[in-house]
Amino acid sequence: MACANLVKLNAASSSWIGQKSPFGQRSQGSSTRRVSFSIRANSYTDELVQTAKTIASPGRGILAIDESNATCGKRLASIGLDNTETNRQAYRQLLLTTPGLGEYISGAILFEETLYQSTTDGKKFVDCLRDENIVPGIKVDKGLVPLPGSNNESWCQGLDGLASRSAEYYKQGARFAKWRTVVSIPCGPSALAVKEAAWGLARYAAISQDNGLVPIVEPEILLDGDHPIDRTLEVAEKVWSEVFYYLAENNVVFEGILLKPSMVTPGAEHKEKASADTIAKYTLTMLKRRVPPAVPGIMFLSGGQSEVQATLNLNAMNQSPNPWHVSFSYARALQNTVLKTWQGRPDKVEAAQKSLLVRAKANSLAQLGRYSAEGESEEATKGMFVKGYTY
């Protein structure tokens, strides 16, 4: 395994990936790190593997609606609605009760509030999902905070109490989990930030599996910056090397995880934009160099791309067979048109649900390599990049 030969990350936090010294070199007298490949006994292993396979099923992907209440409030504000629990419930009910959604969606990531909510008729949202053969998931991290000693970078908190929370989420019906940490290329990234991201993801993944939840592993490489696509590839390869090293160190069962990577693209401010074919080439190159074929599914985040661009890029990656299920875990790239269609009006719910099915079907076709952008609306071609947040 390529990441088994990585050197120990003990360089100063100001060392950046791509610099020759001292990060990325083995100092004299240092020893190569050894990986233990023994897998711990886990009563959930068979279930974890089956859950991951169900989510990574042909023509289906993940609907990400795990926005925090504050982020959901920003989306509601964009259509003139107040950020109240009633409005959040109404919007999530619109999404989760869409008839036929399970044909294209295999999993839905929920925020904690949503996991425990019900429809206005009293039916639990998790039961609405089950009826459509959609696996309920749950966001378990506690958000990003500044990382001391770094180049103005962040780390993700939430490991404290994670085991007990995960056990409760499992009882409520969740069967997979999501933990999002980020890596910033303009800020380096520093050796410290990369190591912290990888270690945190590995600990979260091990804890999740111990409690019956398939962990989605997501070290998001932010779009911020004016760097070329080759720089993104360099950083992505380093980050995923570290992630898989620490996953192995923590005895995580690779067959019982899913990945949620960023696509390998130029920085959002780079003067030259990359085509879908170029993005697919670079992204698949990175994945084939770093991701073991034992991993069942790669569920891409949309990364602030327009709805159509995210779908085109996914389609380009599925023009030939891959070692894993290559699919989507989209938030705004599935919801942008839905929100603007709905506008908070009860008489627009059905139209909004139809627009969700249109986007879900488009990405289902892209997962199968059969998508065409012909006939897409102008709204679906508009980008959604927000600096510092490309979810």
### Query
Which atom pair, heavy atoms only, marks the closest approach of D141 to R180?
OD2-N, 3.0 Å
### Summary
Between L284 and W324 the two heavy atoms that sit nearest each other are CD2-CZ3, 4.4 Å
### Query
Just how far is it from atom CG of N318 to atom CZ of R370, taken to the nearest 0.5 Å?
10.5 Å
### Task
Only pairs at least two apart or in different chains count here, so list each salt bridge (Lys or Arg N to Asp or Glu O under 4.0 Å) that has a residue in residues 320-329.
none
### Task
Nearest 0.5 Å please: distance from the OG atom of S241 over to the CE atom of M286.
10.0 Å
### Task
May I ask you to test the W240-L287 pair for a side-chain heavy-atom distance under 4.5 Å?
no
### Task
Could you verify whether a donor N or O on one side chain and an acceptor N or O on the other, from N313 and Q309, lie under 3.5 Å apart?
yes
### Task
Quick one: sort the Y91 and W342 rings into parallel, tilted or perpendicular, breaks at 30° and 60°.
parallel
### Query
Do the side chain of S150 and the main chain of A193 share a donor and acceptor less than 3.5 angstrom apart?
no
### Task
Is it possible for you to say whether F254 and V243 belong to one hydrophobic cluster, with membership spreading through side-chain heavy-atom contacts below 4.5 Å?
yes
### Q343 side-chain N/O to K340 backbone N/O, donor-acceptor pair under 3.5 Å
yes
### Message
I'd like to check M317 versus M263 (side-chain heavy atoms, cut-off strictly below 4.5 Å). Are they in contact?
### Response
yes
### Task
Before accepting this row, confirm whether a basic side-chain N of the pair R175/E47 lies closer than 4.0 Å to the acidic partner's carboxylate O.
yes
### Query
So, do T97 and Q353 sit near enough that their side-chain heavy atoms are less than 4.5 Å apart?
yes
### Task
Report, as yes or no, whether the 6.0 Å neighbourhood of atom CD on E350 holds more than 12 heavy atoms from other residues, nucleotides or ligands.
no
### Query
Is there a donor-acceptor contact under 3.5 Å from the side chain of E269 to the main chain of D224?
no
### Query
Any side-chain heavy-atom pair from R332 and R75 closer than 4.5 angstrom?
yes
### Task
State yes or no: do L115 and F125 share one hydrophobic cluster built from I, L, V, M, F, W and Y residues joined by side-chain heavy-atom distances below 4.5 Å, directly or via other members?
yes
### Query
Is a side-chain donor or acceptor of H270 paired with a backbone partner of T265 at a separation under 3.5 angstrom?
no
### Message
So, taking the atom named OG in S106 and the one named CE in M299, what distance separates them when rounded to the nearest 0.5 Å?
### Response
5.0 Å
### Message
Regarding D230 and Y282, do their side chains bring together a donor and an acceptor under 3.5 Å, going by distance alone?
### Response
yes
### Query
Is there a side-chain contact between L96 and L110 (heavy atoms, below 4.5 Å)?
yes
### Query
Given L147 and S154, is the side-chain contact (heavy atoms from CB on, under 4.5 Å) satisfied, shown in steps?
CA-CA 5 Å; L147 177 62; S154 301; 5.7 Å; no
### Query
Hey, mind stepping through Y169 and Y116 against side-chain contact (heavy atoms from CB on, under 4.5 Å) and telling me if it holds?
CA-CA 9 Å; Y169 297 149; Y116 291 91; 3.9 Å; yes
### Task
Give a yes or no on whether the backbone of K139 and the side-chain of E112 come within a donor-acceptor separation of less than 3.5 Å.
no
### Query
Under 4.5 Å between any side-chain heavy atoms of D226 and K271, yes or no?
no
### Query
Are S118 and K124 close enough that some pair of their side-chain heavy atoms sits under 4.5 Å apart?
yes
### Minimal non-hydrogen separation, A56 against G297, with atom names
CB-CA, 4.1 Å
### Query
Is the backbone N or O of A280 less than 3.5 Å from a side-chain atom of T283, with the two atoms forming a donor-acceptor pair by type?
no
### Message
With rounding to the nearest 0.5 angstrom, report the CH2 to CH2 distance, W199 to W155.
### Response
13.5 Å
### Query
For E132 and L101, which heavy atoms make the closest approach, and how far apart are they?
OE1-N, 3.5 Å
### Query
How far does NZ of K348 sit from NZ of K354, to the nearest 0.5 angstrom?
11.5 Å
### Query
Would a distance-only check, ignoring hydrogens and angles, find a side-chain to backbone donor-acceptor pair under 3.5 Å from Q367 to P58?
no
### Message
For A360, is there any backbone N or O sitting under 3.5 Å from a side-chain donor or acceptor partner on S364?
### Response
no
### Message
Would you say I65 ends up clustered with L76 if hydrophobic residues are merged whenever their side chains have heavy atoms under 4.5 Å apart, either directly or through other cluster members?
### Response
yes
### side-chain contact (heavy atoms from CB on, under 4.5 Å) evaluation trace for H227 with E234
CA-CA 11 Å; H227 51 277; E234 178 186 21; over 6 Å; no
### Query
Same cluster or not: are V338 and V358 linked, directly or through other Ile, Leu, Val, Met, Phe, Trp or Tyr residues, by side-chain heavy atoms under 4.5 angstrom apart?
no
### Query
Does CG in D347 sit with more than 12 non-hydrogen atoms of other residues, nucleotides or ligands closer than 6.0 Å?
yes
### Query
About how many Å separate CD of Q305 and OG of S262, when rounded to the nearest 0.5 Å?
9.5 Å
### Task
Go through the steps for K123 and D131 under the test side-chain contact (heavy atoms from CB on, under 4.5 Å), then give the verdict.
CA-CA 11 Å; K123 185 174 183 178; D131 287 349; 2.4 Å; yes
### Residue pair N69 / N83: nearest heavy atoms and the distance that separates them
O-ND2, 3.0 Å
### Query
So among I257, L259, I109, which one has a side chain to side chain contact (heavy atoms under 4.5 Å, CB included) with I216?
I109
### Query
Would a distance-only check, ignoring hydrogens and angles, find a side-chain to backbone donor-acceptor pair under 3.5 Å from E113 to Q89?
no
### Task
For the pair Y204 and W179, name the ring-plane relationship: parallel under 30°, tilted 30 to 60°, perpendicular over 60°.
parallel
### Distance-only side-chain donor-acceptor flag, R92 / T114, under 3.5 Å
yes
### Message
So, applying salt bridge (Lys or Arg N to Asp or Glu O under 4.0 Å) with E237, which one of R289, R231, K288 is it?
### Response
R289
### Task
Please check if the side chain of N315 supplies one atom and the backbone of Y371 the other of a donor-acceptor pair under 3.5 Å.
yes
### Message
Between E85 and R88 (salt bridge meaning N to carboxylate O under 4.0 Å), is one present in this structure?
### Response
no
### Query
Should I105 and L339 be regarded as members of a common hydrophobic cluster, given that ILVMFWY residues are connected when their side-chain heavy atoms come within less than 4.5 Å of each other, either directly or indirectly?
yes
### Query
Are the side chains of N211 and Y170 in touch, meaning some heavy atoms are under 4.5 Å apart?
no
### Message
For A373 versus V308, what's the shortest heavy-atom pair and its separation?
### Response
CB-CG1, 4.1 Å
